[in-house]
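Hydrogens, waters and symmetry mates are skipped; everything else that's a heavy atom, side chains included, is used.
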Amino acid sequence: MLGFENFKLKEDEKLIVKKQVSYVKNILVFPQPNPGNLSITDKRIVFEPTQGRPGSAFMHELNEIDFFTVGMMNTITIVTKNGEKYKLTGLFNKALIKGLEDVNIKREK
């Protein structure tokens, strides 16, 4: 499991964008925001919480990501090929949208 502030680039990896977001994870039926940093590299997407639940951390190789959507207020939902969904909110989502597009993750409407 990822811990707080442990993200490091691999030797052959390039950082595309890193921004503060809040990953909204449902606990039972209640949405719980988990503030942290989302890093998009040329190889993977990594979320590391800075507050909230350490278990909200996630990492996926780019080839595991199916698509992303953009909802109201530029809320991003990243969907993996196995159906996992990650809802992200924050002030910097426009930069993250561009980063996802830059690494060729398809955007669905």
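If you take OG1 on T69 and CD on E108, they are separated by 8.5 Å, rounding to the nearest 0.5 Å. Taken from CZ in F67 to NZ in K106, the straight-line distance is 7.5 Å, to the nearest 0.5 Å. The CD1 atom of I40 lies 10.0 Å from the CD atom of E101; values are rounded to the nearest 0.5 Å. From Q32, atom CD reaches atom OG of S56 across 7.5 Å, with rounding to the nearest 0.5 Å.
In the hydrophobic clustering of this structure, L38 does not group with F92; members are Ile, Leu, Val, Met, Phe, Trp, Tyr whose side-chain heavy atoms approach within less than 4.5 Å, directly or through other members. Residues L9 and V46 share a single hydrophobic cluster, defined by chaining ILVMFWY side chains whose heavy atoms lie under 4.5 Å apart.
Side-chain atoms of L100 and I76, non-hydrogen and from C-beta on, do get closer than 4.5 Å to each other. With a 4.5 Å cut-off on side-chain heavy atoms, I97 and R107 count as touching. Here the side chains of I45 and F58 are in contact, with some heavy-atom distance below 4.5 Å. The closest side-chain heavy-atom distance from N37 to V21 is not below 4.5 Å. Two residues are said to be in side-chain contact when any heavy atoms from C-beta on lie closer than 4.5 Å; Y23 and P33 fail this criterion. Proximity of K98 to D102: side-chain heavy atoms (C-beta onward) are separated by under 4.5 Å at one or more points. For the pair Q51 and N34, the minimum side-chain heavy-atom distance is 4.5 Å or more.
In plain terms, the two heavy atoms of T75 and N93 that are nearest each other are CA-ND2, 3.9 Å. Nearest heavy-atom pair, P35 versus S22, reported as atom, atom and distance to 0.1 Å: N-OG, 4.0 Å. L15 approaches S39 most closely through the heavy-atom pair CD1-CB, 4.1 Å.
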Practice item. List the steps and the verdict of side-chain contact (heavy atoms from CB on, under 4.5 Å) for K18 and T41. Key: CA-CA 9 Å; K18 179 178 182 176; T41 76; over 6 Å; no

**Study point:** T50 vs E48, side-chain contact (heavy atoms from CB on, under 4.5 Å): CA-CA, chis, key distance, verdict
**Key:** CA-CA 7 Å; T50 54; E48 289 211 292; over 6 Å; no

Practice item. Show your reasoning for whether side-chain contact (heavy atoms from CB on, under 4.5 Å) applies to V79 and I65. Key: CA-CA 6 Å; V79 181; I65 305 297; over 6 Å; no

Check your understanding: Given L88 and V24, is the side-chain contact (heavy atoms from CB on, under 4.5 Å) satisfied, shown in steps?
Key -> CA-CA 6 Å; L88 306 166; V24 181; over 6 Å; no

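By the 4.0 Å N-to-carboxylate-O rule, E64 lies too far from R44 to be salt-bridged with it. Using a 4.0 Å cut-off between a side-chain N of Lys or Arg and a carboxylate O of Asp or Glu, K43 and E61 do not qualify as a salt bridge.
D42 places a side-chain N or O within donor-acceptor distance of the main-chain N or O of K14, the cut-off being under 3.5 Å. In this structure a side-chain-to-backbone donor-acceptor pair under 3.5 Å is present from K81 to N63. Within the 3.5 Å criterion, the main-chain N or O of M72 finds no donor-acceptor partner in the side chain of N74.
Remark: aromatic rings of Y86 and F68 are distant, center separation not under 6.0 Å.
For L91, the CG atom sits in a loose shell: 12 or fewer heavy atoms of surrounding residues, nucleotides or ligands are nearer than 6.0 Å.
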